There are 2 protein chains.
Amino acid sequence: MTTTEKSTATNPEKNPATASKSETAYQYVLDRIRSGSYGPGYRLVLSRLADELDMSVVPVREAIRRLESERLITFERNVGATVTGIDPTEYLYTMQTLALVEGYATALCAPLVTPADLDRAREVNRQMRERLADFDPRTFTELNLRFHAILFENCPNPHVLDLVHRGWNRLGALRSSTFAYVPGRAARSVDEHDALLDALAAGDDVGTIERIARQHRLATLEAYLAHAGT
Amino acid sequence: MTTTEKSTATNPEKNPATASKSETAYQYVLDRIRSGSYGPGYRLVLSRLADELDMSVVPVREAIRRLESERLITFERNVGATVTGIDPTEYLYTMQTLALVEGYATALCAPLVTPADLDRAREVNRQMRERLADFDPRTFTELNLRFHAILFENCPNPHVLDLVHRGWNRLGALRSSTFAYVPGRAARSVDEHDALLDALAAGDDVGTIERIARQHRLATLEAYLAHAGT
DNA sequence: AGCAATGAAATCGTATACGATCCAGTGTCG
DNA sequence: CGACACTGGATCGTATACGATTTCATTGCT
């Protein structure tokens, strides 16, 4: 056991000050959900996680509670935890909410966006357009996040920004995005990105920016619904 | 101790099936924060809570984690948990976010609102107007919540609705509302309520409803900021 | 063959125990 | 007289232990 050794005084160890075990467990699971290696429905066994992380189940439980509160995992009493699945209805709710908060975050950012930011965003969008030919939903979604992140990451309201992150995290649970299902959507999405950047460059008022950004995401949702309904 | 008695088999107790201990603890603390009996900065000692609730600290810790994730509690490692205080900046963030989500929830509800709902809302608003004379911020805020709840509680998007509830919960931590600080605000707020009801009754489009509802809350925020800045 | 009851294994729920850390109050030394 | 080191109590962090619940496969009955 490590209990006998006095790690505190002489031994820097890793860095016990920065991360409690429950925090470690939280990040561990969150990363795996975001990266997609824990797909929807993936069964999380507390004792197994505790073994993997070399800790007891108590910190793991705390991490699970936090993730549960963020709707990333579903916890059923006496049964266990699974990564929250996204059925079409949940997808609708999540996308609608993301449209709301991301649109607002983008609008709040608009006055703070620098020309350099716009250049970076245009560059990312150029890469996206390039990839339209040989299409890979995975990297396309990755680029899509990077594009939008440039435009909302400086959001001055941390609560709103946090909600945006949570929305993206939930979407990350999907192995592939809407772009995989709805053929034409990717190309139109790239065009809408340019329109958004033009509006930002022109210094349009924040109400307009919000409307464009929200509508952009809702359009993806509607494309999915139309396709699924067919 | 209660450990000796076997309540599970023979004793129906309250209803052990519906609430785990960690859930009990969660509700317990949440209620006290909402009701204001745990004010901002209130120190939550885990072991004391565990004693009060007649359980061990483990479930209490899980409850705290959930509340922490909802920003209702601030938890510092090796130090303890306190009810999150709301300084002016936090107040701004919270109100801004609430304006966003509540406005949207109200708009999503607009098509579902029945004439009966509108009547109930008008009745509540009438009571609010009545109380303007001998003004009590506490009951006024209570009525204010009831008024808005009628208009957003049927929100078809549960994620958005949940965000609205969380926003109100955070505001509940304040012992009294903005109305206590900014004299003229209450009267104007009541008038805006009528305007909102008129728009709903007239069947205005959802974009208009959202704009009115959002602006209504932002106006309260701005009234506070102007007053504080003076 | 199909269905219901039974039992065992897996997993969760909670209590208890103990080490680690922080904070405050006290005393000593410059 | 003030600053610093020390010590004690309070509280948190985690591990371990054991009871409770669910689930699933097996068995027996119709």
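Because the structure is predicted, anything quoted here is derived from the model rather than measured. Worth knowing before you read on, the calculation uses all heavy atoms, side chains too, and leaves out hydrogens, waters and symmetry mates. Chain naming here is simple, since letters A, B, ... match the order of the sequence lines and numbering starts at 1 in each.
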request  = Would you mind classifying the nucleic acid contact of B:Arg43 as base, sugar-phosphate or nothing, using non-hydrogen atoms under 4.0 angstrom?
outcome  = sugar-phosphate
ask   = Got a salt bridge between A:Glu90 and A:Arg170, using NZ or NE/NH1/NH2 to carboxylate O under 4.0 Å?
value = yes
query = At under 4.0 Å between heavy atoms, what does B:Val58 touch on the DNA or RNA strands: base, sugar-phosphate, or nothing?
reply = base
Of all pairs that satisfy salt bridge (Lys or Arg N to Asp or Glu O under 4.0 Å), the ones with a partner from residues 155-165 of chain A, not counting sequence neighbours = A:Asp162-A:Arg166, A:Asp162-B:Arg71
inquiry  = Between the side chains of A:Arg217 and A:Glu210, is the shortest nitrogen-to-carboxylate-oxygen separation below 4.0 Å, so that they form an ion pair?
reply    = no
query = In terms of side-chain geometry, is the basic nitrogen of B:Arg120 or B:Glu123 positioned less than 4.0 Å from the acidic oxygen of its partner?
reply = no
task = For C:dA15, take OP1 and OP2 only and decide whether either is under 4.0 Å from a side-chain N or O of B:Ser56.
result = yes
ask   = Residues in salt bridge (Lys or Arg N to Asp or Glu O under 4.0 Å) with A:Arg185, at least two apart?
value = A:Glu192
task = Output the single nucleotide from D:dA15, C:dA15, C:dT21 whose closest atom is nearest the side chain of A:Lys21.
result = D:dA15
key: Any B:Arg61 side-chain nitrogen or oxygen under 4.0 Å from OP1 or OP2 of D:dG13   = yes
message = Near DNA chain D, counting only heavy atoms under 4.0 Å, which residues of residues 62-72 of chain B show up?
response = none
inquiry  = Let's see if you can work this out: which of D:dA15, C:dA15, D:dT22 has an atom nearest to the side-chain heavy atoms of A:Pro59?
reply    = D:dA15
